[in-house]
Amino acid sequence: MIEDNKNSLRAIILTGLFAAIIYIGIWVLRIPIPALVGRPFIHFGNTLTAVAILFLGFRNGMLAGIIGLGGFDILNGYAATSWLTMVEVVVVALVITAVYKALKYTDSKRNIIIIAVIAGITKIFTTYCVSIVEALMAGSFLKAALVASFVSLPATVVNSISTAVLTPILYFFVKKVYASLRKNPNKSF
């Protein structure tokens, strides 16, 4: 996690940068999956949001996820349910932060892998709940919404697996690049 004050110019710029990367991570690679509820697709937005939360902390990471994921939804035909995506980001941020705190903010490989797996599992749960709400909003009965939402989970499971696998890799890569840039601010790529 960066050591800057969450209101510092650097933290605000990194929050905006992560929001843009999250948006692009969804926009560039999006593989639609057929489902009974909603229009799910495989993407890297959840993975990048988890990295943002770990790297920027609860508030700024959550804001980056809300802006990136929620902004994508608003601008790409999912505006009616974008609020549900934003609520999901809040829940995932709360869970990641709680687990990270329980692990005493130690970012060992083991701990980050644990956090990534828990983030993936949390995303499965939150997406199932969101799908139920979406089905109910569309006029389904509760039993039908429960079943249809369960059957619509394959894209979420794939996204959750990619979150569990890629979050540790990306987190340590971002941390290394950030440390390198802080050590030598005049370094160019």
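Keep in mind that this is a model prediction, so the values were computed, not measured. Counting begins at 1 with the first residue of the sequence.
- A continuous path of Ile, Leu, Val, Met, Phe, Trp and Tyr side chains, each step under 4.5 Å between heavy atoms, connects Phe72 with Ile22, placing both in one hydrophobic cluster.
- Remark: side-chain polar atoms of Ser140 are not paired, donor with acceptor, to backbone N or O of Leu136 under 3.5 angstrom.
- Using a 4.5 Å cut-off on side-chain heavy atoms (C-beta onward), Leu48 and Phe18 make no contact.
- Under the rule for a side-chain contact (heavy atoms from CB on, under 4.5 Å), the partners of Ile24 that lie at least two apart in sequence or sit in another chain are Val28.
- Applying the side-chain contact (heavy atoms from CB on, under 4.5 Å) criterion to Leu146, with sequence neighbours excluded, gives Tyr128, Ile132, Leu142.
- No more than 12 heavy-atom neighbours from other residues, nucleotides or ligands sit within 6.0 angstrom of CZ on Arg110.
- For residues 41-55, there are no salt bridge (Lys or Arg N to Asp or Glu O under 4.0 Å) pairs, not counting sequence neighbours.
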Could you give me the CA-CA distance, side-chain angles and deciding distance for Leu54 and Ile115, then say whether side chain to side chain contact (heavy atoms under 4.5 Å, CB included) is met? CA-CA 9 Å; Leu54 287 168; Ile115 292 168; 3.9 Å; yes
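- Side-chain N or O atoms of Ser149 include one that pairs as donor or acceptor with a backbone N or O of Ser131 at under 3.5 Å.
- Distance check, rounded to the nearest 0.5 Å: CG of Leu56 to OG1 of Thr15 gives 4.5 Å.
- Distance check: Asn46 CG to Thr122 OG1 gives 11.0 Å after rounding to the nearest 0.5 Å.
- Nearest heavy-atom pair, Ala135 versus Ala145, reported as atom, atom and distance to 0.1 Å: CB-CB, 3.6 Å.
- Both Phe58 and Leu69 sit in one connected hydrophobic cluster of ILVMFWY residues. Membership requires side-chain heavy atoms under 4.5 Å apart, directly or through other members.
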Begin with the C-alpha distance, continue with both residues' side-chain angles, and end with the deciding distance and a verdict on side chain to side chain contact (heavy atoms under 4.5 Å, CB included) for Val147 and Lys143. CA-CA 6 Å; Val147 172; Lys143 283 185 180 181; 5.8 Å; no
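- Applying the salt bridge (Lys or Arg N to Asp or Glu O under 4.0 Å) rule to pairs touching residues 148-173 yields nothing, sequence neighbours excluded.
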If you look only at distance, which donor and acceptor atoms sit under 3.5 Å apart when one is on a side chain in residues 153-160 and the other is two or more places apart or in another chain?
{"unit_1": "Asn159", "atom_1": "OD1", "unit_2": "His43", "atom_2": "N", "d": "2.9"}
{"unit_1": "Asn159", "atom_1": "ND2", "unit_2": "Phe41", "atom_2": "O", "d": "3.1"}
{"unit_1": "Asn159", "atom_1": "ND2", "unit_2": "Ala155", "atom_2": "O", "d": "3.4"}
{"unit_1": "Ser160", "atom_1": "OG", "unit_2": "Gly120", "atom_2": "O", "d": "2.9"}
{"unit_1": "Ser160", "atom_1": "OG", "unit_2": "Thr156", "atom_2": "O", "d": "2.8"}

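- Under a 3.5 Å cut-off, the side chain of Thr97 and the backbone N or O of Leu94 do not form any donor-acceptor pair.
- In this structure, Ile13 shares a hydrophobic cluster with Leu9, the cluster being traced through Ile, Leu, Val, Met, Phe, Trp and Tyr side chains under 4.5 angstrom apart.
- Side-chain heavy atoms closer than 4.5 Å link hydrophobic residues (I, L, V, M, F, W, Y) into clusters, and following such links, even through other members, never connects Val91 to Phe125.
- Residues Ile96 and Ile118 form no side-chain contact, since every pair of their non-hydrogen atoms from C-beta on lies 4.5 Å or further apart.
- Under the 4.5 Å side-chain heavy-atom criterion for Ile, Leu, Val, Met, Phe, Trp and Tyr, Leu63 and Ile26 are members of distinct hydrophobic clusters.
- A continuous path of Ile, Leu, Val, Met, Phe, Trp and Tyr side chains, each step under 4.5 Å between heavy atoms, connects Ile161 with Ile124, placing both in one hydrophobic cluster.
- By the side-chain contact (heavy atoms from CB on, under 4.5 Å) test, Leu75 is found to be paired with Tyr23, residues two or more places apart in sequence or in another chain being considered.
- Residues that satisfy the side-chain hydrogen bond (donor to acceptor under 3.5 Å, both in side chains) test with Thr85, not counting sequence neighbours, are Asp73.
- Side chains of Leu14 and Asn60 form no contact here, defined as non-hydrogen atoms less than 4.5 Å apart.
- Thr81 places no side-chain N or O within 3.5 Å of a backbone atom of Leu84 that could act as its donor or acceptor partner.
- The salt bridge (Lys or Arg N to Asp or Glu O under 4.0 Å) pairs that include a residue from residues 150-173 number zero, where partners must be two or more places apart or lie in different chains.
- Residues Phe55 and Tyr178 place their aromatic rings such that the two centres sit under 6.0 Å apart.
- Between Ile66 and Val90, some side-chain heavy-atom pair lies under the 4.5 Å cut-off.
- Side chain to side chain, Thr167 and Thr47 fail the donor-acceptor criterion of an N or O pair below 3.5 Å.
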Can you check side chain to side chain contact (heavy atoms under 4.5 Å, CB included) on Met86 and Ile74, steps first, answer last? CA-CA 11 Å; Met86 294 177 201; Ile74 289 169; 3.7 Å; yes
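- In this structure, the side-chain hydrogen bond (donor to acceptor under 3.5 Å, both in side chains) partners of Arg59, at least two apart in sequence or on a different chain, are Asn7.
- With sequence neighbours excluded, the residues that form a side-chain contact (heavy atoms from CB on, under 4.5 Å) with Ile121 are Val117.
- Counted within 6.0 Å of OH on Tyr78, heavy atoms from surrounding residues, nucleotides or ligands total more than 12; the atom is thus considered enclosed.
- Counting only residues at least two apart or on different chains, the salt bridge (Lys or Arg N to Asp or Glu O under 4.0 Å) pairs with a member in residues 82-99 are Glu88-Lys123.
- Annotation for Phe173: atom CZ does not count as buried by contact number, only 12 or fewer foreign heavy atoms lying within 6.0 Å.
- Atom CD1 of Ile112 and atom CG of Asp107 lie 5.0 Å apart (nearest 0.5 Å).
- Nearest heavy atoms, Met137 versus Ala80: CE-O, 4.0 Å.
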